[in-house]
Q: 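First the structure, then my questions, so here it is.
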Amino acid sequence: MNKLMGTAPRHPGLWADSTEAELYGNQTIQTLQTVTQGESELGQLCSQLATLSRQGRWIVLISPPHIGYKHMLASAGVRMDRILLVHTKDEVETLWAMEKALTSGTSSAVITWTSSLDARDSRRLEIVAKSARALGVVIEDVNTHLPEKHQIVNPTMPSATSNFSAFH
């Protein structure tokens, strides 16, 4: 019996599934800045989310805007029974929910929409990334950083304040 085990550690607490260690080690949390409320950024992630949804763990969407994400994800092949929506009341709750979802081990991906991240919040997410067990993406709306008169407007979307436009 001893010859079969060789020099491998005998204590089961030392055994590690290398695929799990490789999968979760050194996760990073991507921060994507957007002017489209994350619609194009989510579109780029759809194929990866479809693959992750087949793992049987949650794809967590925290505070998503109304951008038609359900249709976008379903048409990309994401299992909709693996989508978990979390609606928060403020930025503090949003970051707390992201932290818990990333470190719980029950999620494959966590995507958060937020208005802005200050240096403290960015540092907090760096620390969370060290123990993250899922893909983390923060979609940050750059329009919230600008005063209202300087906000970037998507030219394909009609403005809510004006029904007129002029092209020269």
Side-chain angles (χ1 to χ4, degrees), residues 13-146 151-154 156-157:
L14 298 175
W15 299 343
D17 183 5
S18 63
T19 58
E20 186 173 323
E22 291 168 7
L23 181 64
Y24 299 129
N26 290 332
Q27 289 285 346
T28 60
I29 298 173
Q30 302 172 34
T31 300
L32 307 174
Q33 294 187 335
T34 183
V35 295
T36 62
Q37 293 186 323
E39 186 174 5
S40 59
E41 290 76 8
L42 186 61
Q44 294 170 358
L45 292 170
C46 277
S47 63
Q48 186 176 9
L49 294 177
T51 302
L52 291 172
S53 70
R54 289 189 275 286
Q55 292 179 352
R57 297 187 310 160
W58 295 109
I59 305 292
V60 182
L61 305 178
I62 302 173
S63 299
H66 300 288
I67 56 172
Y69 61 86
K70 292 177 187 177
H71 177 70
M72 188 185 313
L73 293 172
S75 63
V78 176
R79 286 183 50 196
M80 297 308 286
D81 64 330
R82 295 284 78 204
I83 299 294
L84 179 66
L85 292 176
V86 178
H87 297 285
T88 60
K89 64 181 179 181
D90 57 22
E91 295 293 318
V92 174
E93 230 178 60
T94 299
L95 292 175
W96 178 85
M98 182 175 201
E99 179 180 338
K100 294 302 177 188
L102 283 170
T103 57
S104 69
T106 60
S107 307
S108 293
V110 181
I111 303 172
T112 301
W113 282 262
T114 184
S115 57
S116 65
L117 290 177
D118 59 15
R120 181 177 163 265
D121 294 337
S122 295
R123 178 65 183 138
R124 178 179 173 184
L125 290 178
E126 285 176 20
I127 293 168
V128 169
K130 292 178 182 177
S131 59
R133 300 180 53 119
L135 167 71
V137 178
V138 175
I139 299 177
E140 186 176 11
D141 190 358
V142 295
N143 281 331
T144 58
H145 296 294
L146 302 174
Q151 287 189 356
I152 300 167
V153 177
N154 186 348
T156 61
M157 299 290 288

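Heavy-atom basis, side chains included; hydrogens, waters and symmetry copies ignored. Only a predicted model underlies this, so the values are computations on that prediction, with no experimental measurement involved.
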Q: Any chance you could measure Gln37, atom CD, to Tyr69, atom OH, to the nearest 0.5 Å?
A: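 If I round to the nearest 0.5 Å, the distance is 12.0 Å.
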Q: In the structure I gave you, are the side-chain heavy atoms of Trp58 and Leu52 within less than 4.5 Å of one another anywhere?
A: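 Result no, sub-4.5 Å side-chain heavy-atom pair not found.
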Q: Is there side-chain contact between Ser107 and Arg57, with at least one heavy-atom pair below 4.5 Å?
A: no
Q: Are any non-hydrogen side-chain atoms of Ser115 and Asp141 less than 4.5 angstrom apart?
A: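 Contact flag for Ser115/Asp141 side chains = no.
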Q: Check Gly77 against Ser53 and note the closest heavy-atom contact, atom names and distance.
A: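 Closest pair (atom of Gly77, atom of Ser53, distance): O-OG, 4.3 Å.
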Q: Taking the side chain as every heavy atom from C-beta outward, state whether Met98 and Ile111 have any atom pair closer than 4.5 Å.
A: no
Q: Treating Arg54 as the side-chain partner and Ala50 as the backbone partner, does any N or O pair qualify as donor plus acceptor under 3.5 Å?
A: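 Yes.
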Q: Tell me which one of Val78, Ile83, Leu61, Val137 satisfies side chain to side chain contact (heavy atoms under 4.5 Å, CB included) with Leu49.
A: Val78
Q: Tell me whether Thr51 contacts the main-chain N or O of Ser47 through its side chain, where contact means a donor paired with an acceptor under 3.5 Å.
A: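 Yes, because the side chain of Thr51 sits within donor-acceptor range (under 3.5 Å) of the backbone of Ser47.
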Q: Quick one: are Arg120 and Arg123 in side-chain contact, heavy atoms under 4.5 Å?
A: no
Q: Assess whether side chain to side chain contact (heavy atoms under 4.5 Å, CB included) is satisfied between Ile62 and Val60, documenting all intermediate values.
A: CA-CA 6 Å; Ile62 302 173; Val60 182; 3.7 Å; yes
Q: Excluding sequence neighbours, so at least two apart, what forms salt bridge (charged side-chain N to carboxylate O under 4.0 Å, His left out) with Glu91?
A: none
Q: Test side chain to side chain contact (heavy atoms under 4.5 Å, CB included) on Leu135 and Gln48 and set out the steps.
A: CA-CA 10 Å; Leu135 167 71; Gln48 186 176 9; 3.8 Å; yes
Q: Measuring only between side-chain heavy atoms, which start at C-beta, is Pro64 closer than 4.5 Å to His87?
A: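 They are in side-chain contact.
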Q: Consider only side-chain N and O atoms of Thr114 and Thr112, and report whether a donor and an acceptor are under 3.5 Å apart.
A: no
Q: Distance from Ile127 atom CD1 to Ser122 atom OG, nearest 0.5 Å?
A: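 Those atoms lie 11.0 Å apart.
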Q: Which heavy atom of Met72 sits nearest a heavy atom of Ile67, and at what distance?
A: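 Minimum heavy-atom separation between Met72 and Ile67: CE-O, 4.3 Å.
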Q: So which pairs with a foot in residues 94-112 pass salt bridge (Lys or Arg N to Asp or Glu O under 4.0 Å), sequence neighbours left out?
A: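 Only Glu99-Arg124 qualify under salt bridge (Lys or Arg N to Asp or Glu O under 4.0 Å).
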Q: Taking the side chain as every heavy atom from C-beta outward, state whether Leu84 and Ile59 have any pair of such atoms under 4.5 Å apart.
A: no
Q: Write out all pairs satisfying salt bridge (Lys or Arg N to Asp or Glu O under 4.0 Å) with one or both partners inside residues 62-80, taking only residues at least two apart or from two chains.
A: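 Checked against salt bridge (Lys or Arg N to Asp or Glu O under 4.0 Å) - neighbours excluded - the pairs reaching residues 62-80 are Arg79-Asp81.
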Q: Which distance, rounded to the nearest 0.5 Å, do you find between the CD1 of Ile139 and the CD of Gln30?
A: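 Here the interatomic distance stands at 9.5 Å.
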Q: Yes or no on side chain to side chain donor-acceptor pair (under 3.5 Å) for Ser63 and Thr88, after CA distance, side-chain angles and deciding distance?
A: CA-CA 6 Å; Ser63 299; Thr88 60; 2.7 Å; yes
Q: Flag the pair Leu32 / Glu140 as yes when at least one side-chain heavy-atom distance between them is below 4.5 Å, and no otherwise.
A: no
